[in-house]
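The structure under discussion appears below in the form of structure tokens.
What you see is a predicted model, and the numbers here were worked out from it, not measured in a lab.
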Amino acid sequence: MSNNNSNVTPAEKIKCRANKAFAAHKYAQAIDLYTQAIELNNQNAIYWANRAFAHIKLEEYGSALEDASKAIEVNPRYSKGYYRRGAAYLAMGKFKEALKDFQQLKKMCPNDPDTIQKLKECEKAIGKLNSEEAVAAPLPETDSVANSIDVHRVGVSSTSVPTQMAIVAAAVATTAIAISTLSTKVATVVAAIAVVVLIIMGTRWWGGSGCVINAKTLDVDPQYSGARIEGDIITLDFVKKMIDNFKNQKPLHRRYVFQILQQTKKILKALPSLVDITIPEGKRLTVCGDVHGQFYDLLNIFELNGLPSEDNPYLFNGDFVDRGSFSLEVILTLFAVKCMSPSAIHLSRGNHESKTMNKMYGFEGEVKTKLNGTFVELFAEVFCCLPLAYVLNEKVFVVHGGLFSVDGVKLSDIRMINRFCEPPEKGLMSDMLWSDPQPYPGRGPSKRGVGLSFGADVTKRFLEDNKLDLLVRSHEVKDEGYEIAHDGKLITIFSAPNYCDQMGNKGAFIRFETPDMKPNIVTFSAVPHPDVKPMAYANFFQFFQ
């Protein structure tokens with residue numbers, strides 16, 4: 001790279017072209033152009049910071065961190081370097097590091113209203129997350145939200161309210177006895193402890209996460225006109241009416257949401273971590289990639305390819321929720337179909353089926369707004385039961401992210417993974433949810449800052465070791481909705497067109513038909529949706545604009 005003065009003007013011209021590409025939402029093209037400008041003049045902090053912003057738009061937060069840090073190194077007084085790095089840290093859930101950058105930004109621009117506002121929002125959001133973590137004591141494994149109530153016993157609460165009242169009464173009685181019999185100093189300490197216990201327990205029972213699920217919240221009002229589940233059977237008529245209600249932005253009653261989640265958890269929990277699917281002779285199966293809460297585009301897939309059924313099965317390859325603001329409608333539709341006919345739809349876990357991502361990117365906020373906080377916990381329980389991968393007719397391996405940080409992983413190793421947990425930071429499960437392919441051999445660090453990148457040689461060895469023909473994964477937006485890589489041995493499929501209402505990409509799905517199992521890729525464009533912006537329920541939404 002060079003910083004020769006003769007290159008300044010050409011670099012500026014390229015930067016202007018990059019800015020136009022960015023404004024047109026062509027972020028990959030913008031990155032290429034900013035890179036060319038940097039190669040001509042690597043001492044311009046603006047080029048590094050602009051490329052960092054383009055990386056953020058593509059969710060390549062690791063690369064964004066590197067570029068923003070370089071901008072700060074080149075010019076420690078360039079405020080946008082700190083802003084971009086802070087945004088990247090936030091996206092990765094590194095809140096303390098993000099706060100440091102925004103505090104530094106405040107020192108540099110003490111009177112800038114936007115900086116002051118952003119710092120306040122950051123401090124408020126981080127404080128909220130910290131307070132939620134402080135009171136969110138984990139439930140014992142046996143104390144499942146899904147098992148907390150029998151929906152058939154409407155009118156009989158199973159949320160232990162008498163126990164709660166007994167604890168409150170005991171705390172009050174203890175305080176009264178302490179005051180009457182002990183010294184003032186000791187009584188004050190006892191009273192303080194009792195108050196703290198009541199605050200923590202009260203927050204858990206009735207506080208910030210929303211009301212609990214009990215018989216009253218599941219009792220259906222006679223005036224409710226939406227879809228209803230009769231008994232325990234989820235029928236096609238129910239699914240169709242629910243979808244029609246969702247299209248018109250009419251909610252499903254909490255009782256039926258609870259029933260769907262209870263049944264889905266039971267079905268998914270019985271499955272192995274790696275599921276083998278046999279597609280009968282002359283039949284087909286459709287694989288879809290990320291949907292990300294784009295409900296109306298999901299309905300368009302069904303319009304183009306037919307509703308899921310035993311004769312028209314689907315496999316949705318993770319990342320059903322977050323980003324898009326109709327995530328609840330998406331996930332309830334997929335889960336309801338799973339309950340209606342388990343062989344009509346197969347679901348694998350993505351990196352966004354996790355508490356951390358849901359808290360950051362909108363699903364948690366959406367569920368709290370449309371239902372209540374207890375349902376957030378229930379969805380998290382169900383997400384932990386999702387299988388991690390599928391094998392189709394012993395030929396095609398389908399996984400959300402990609403392959404592993406080590407060679408020699410066999411299908412039997414995947415079957416042995418204990419998936420009933422939040423995704424770990426490293427290991428086979430983390431790799432499967434987070435990794436991405438790269439155009440050069442071997443392995444390298446991920447542009448996301450999480451997971452790894454793997455080359456064609458890694459893909460070839462894995463397929464050969466396991467006697468497979470093809471790897472299908474999702475996890476990345478692609479301009480055409482798909483990308484074929486690694487000498488034709490890897491296909492990325494992405495089913496959220498015009499991702500986040502700004503990427504301009506197509507969506508795609510793959511049909512696999514027996515007996516040859518050759519992939520038939522179908523692309524489609526985005527359809528209109530009601531005027532609810534993506535990330536409308538997300539924490540830190542403003543930092544990604």
Practice problem: Please lay out, stage by stage, how L315 and L285 fare under the test side-chain contact (heavy atoms from CB on, under 4.5 Å). | Solution: CA-CA 7 Å; L315 195 170; L285 180 140; 4.0 Å; yes
Self-check item: P437 side chain near E483 side chain, heavy-atom distance below 4.5 Å
Solution: no
Practice problem: Begin with the C-alpha distance, continue with both residues' side-chain angles, and end with the deciding distance and a verdict on ring pair (Phe, Tyr, Trp, His ring centres under 6.0 Å) for Y390 and F397. | Solution: CA-CA 6 Å; Y390 289 78; F397 182 70; 9.8 Å; no
Quiz item: Name the one of D297, D501, N498 that satisfies side chain to side chain donor-acceptor pair (under 3.5 Å) with H529?
Solution: D501
Practice problem: Assign the ring pair F379 / F383 to parallel, tilted or perpendicular, where the plane angle (0 to 90°) is split at 30° and 60°. | Solution: tilted
Self-check item: Spacing of L347 atom CG and N317 atom CG [to the nearest 0.5 Å]
Solution: 10.0 Å
Quiz prompt | Check: M429 and R349 side chains under 4.5 Å, non-hydrogen atoms | solution = yes
Quiz item: Does D436 come within less than 4.0 Å of K447, counting only side-chain N to carboxylate O?
Solution: no
Practice problem: Can you establish whether the number of heavy atoms outside K26 located under 6.0 Å from its atom NZ is more than 12? | Solution: no
Quiz prompt | Donor-acceptor contact present, side-chain N248 to main-chain K250, <3.5 Å | solution = no
Exercise. Apply side-chain contact (heavy atoms from CB on, under 4.5 Å) to E422 and T356, showing your working.
Key: CA-CA 9 Å; E422 287 300 306; T356 301; 5.5 Å; no
Practice problem: Could you note down all residue pairs passing salt bridge (Lys or Arg N to Asp or Glu O under 4.0 Å) where residues 300-312 supplies at least one of them, sequence neighbours left out? | Solution: K283-D311
Quiz item: Partners of F22 by ring-ring contact (aromatic ring centres under 6.0 Å, His included), sequence neighbours excluded?
Solution: Y27, F53
Practice problem: Mind listing the closest non-hydrogen atom pair of P387 and L268 along with its distance? | Solution: CD-CD2, 4.2 Å
Practice problem: Determine yes or no for a side-chain-to-main-chain donor-acceptor pair under 3.5 angstrom, with E353 supplying the side chain and G318 the backbone. | Solution: no
Quiz prompt | Ring centroid separation F509 to Y314 under 6.0 Å | solution = no
Practice problem: Give me the one residue out of K370, K247, Q249 that meets side chain to side chain donor-acceptor pair (under 3.5 Å) with E329. | Solution: K370
Quiz item: So among Y537, F363, Y296, which one has a ring pair (Phe, Tyr, Trp, His ring centres under 6.0 Å) with F326?
Solution: Y296
Self-check item: Step-by-step side-chain contact (heavy atoms from CB on, under 4.5 Å) determination, F320 to L334
Solution: CA-CA 9 Å; F320 321 116; L334 298 179; 3.7 Å; yes
Practice problem: Determine whether L58 and M503 make a side-chain contact, defined as any pair of heavy atoms from C-beta on separated by less than 4.5 Å. | Solution: yes
Exercise. Please answer whether the main-chain N or O of H475 pairs with a side-chain N or O of D319 as donor and acceptor at a distance below 3.5 Å.
Key: no
Practice problem: Identify the heavy atoms of F454 and L403 that sit nearest to each other, and give their distance. | Solution: CE2-N, 3.4 Å
Quiz prompt | Enclosure of D479 CG (heavy-atom neighbours >12, cutoff 6.0 Å) | solution = no
Quiz item: Within a strict 4.5 Å, meaning less than it, do heavy atoms of the L65 and Y61 side chains meet?
Solution: no
Quiz item: With a 4.5 Å heavy-atom cut-off, do T374 and F258 have their side chains touching?
Solution: no
Practice problem: For R419 and C385, indicate whether the former's side chain and the latter's backbone hold a donor-acceptor pair under 3.5 Å. | Solution: yes
Quiz prompt | Verdict with supporting geometry, H292 and Y361, ring pair (Phe, Tyr, Trp, His ring centres under 6.0 Å) | solution = CA-CA 10 Å; H292 275 302; Y361 292 102; 8.7 Å; no
Quiz item: Got a donor-acceptor contact below 3.5 angstrom from the T523 side chain to the K506 backbone?
Solution: no
Quiz prompt | F335, CZ atom: more than 12 neighbouring heavy atoms under 6.0 Å | solution = yes
Practice problem: Please confirm whether the backbone N or O of P342 pairs with a side-chain atom of K338, one donor and one acceptor, at under 3.5 Å? | Solution: yes
Quiz item: Is there side-chain contact between E480 and I521, with heavy atoms separated by less than 4.5 Å?
Solution: no
Quiz item: Rounded to the nearest 0.5 Å, how far apart are OG1 of T459 and NE2 of H486?
Solution: 4.5 Å
Quiz item: Is there side-chain contact between K240 and L236, with heavy atoms separated by less than 4.5 Å?
Solution: yes
Practice problem: Look only at the side chain of R51 and the backbone of I31, and say whether a donor-acceptor pair between them is shorter than 3.5 Å. | Solution: no
Quiz item: Does some side-chain heavy atom of V287 sit less than 4.5 Å from a side-chain heavy atom of L392?
Solution: yes
Quiz item: Going from OG on S225 to NZ on K241, what distance comes out if it is rounded to the nearest 0.5 angstrom?
Solution: 6.5 Å
Quiz prompt | G324 backbone acceptor or donor facing S327 side chain under 3.5 Å | solution = yes
Exercise. Indicate yes or no for a side-chain donor-acceptor contact from S453 to the backbone of Q438 under 3.5 Å, with no hydrogens or angles considered.
Key: no
Quiz item: To the nearest 0.5 Å, how far apart are CD1 in I510 and NZ in K518?
Solution: 15.0 Å
Self-check item: R84 to A49 - nearest heavy-atom pair and separation
Solution: CG-O, 3.8 Å
Quiz item: In chain order, what residues pass the ring-ring contact (aromatic ring centres under 6.0 Å, His included) check against Y34, with sequence neighbours excluded?
Solution: none
Exercise. Could you tell me which non-hydrogen atom of L90 sits nearest to which non-hydrogen atom of M360, and how far apart they are?
Key: O-CE, 2.6 Å
Quiz item: Has K265 got more than 12 heavy atoms of other residues, nucleotides or ligands less than 6.0 Å from its NZ?
Solution: yes
Quiz item: Which heavy atom of K368 sits nearest a heavy atom of G373, and at what distance?
Solution: CG-CA, 4.0 Å
Self-check item: Short side-chain to backbone donor-acceptor contact, S474 and I493, under 3.5 Å
Solution: yes
Practice problem: Could you give me the CA-CA distance, side-chain angles and deciding distance for C500 and K533, then say whether side-chain contact (heavy atoms from CB on, under 4.5 Å) is met? | Solution: CA-CA 8 Å; C500 291; K533 303 300 182 185; over 6 Å; no
Quiz item: Which distance, rounded to the nearest 0.5 Å, do you find between the CG of L388 and the CG of L274?
Solution: 8.5 Å
Quiz item: For the residue pair C384 and C421, what are the closest heavy atoms and their distance?
Solution: SG-O, 3.3 Å
Exercise. Working to the nearest 0.5 Å, report the span between CZ of R255 and OH of Y224.
Key: 11.5 Å
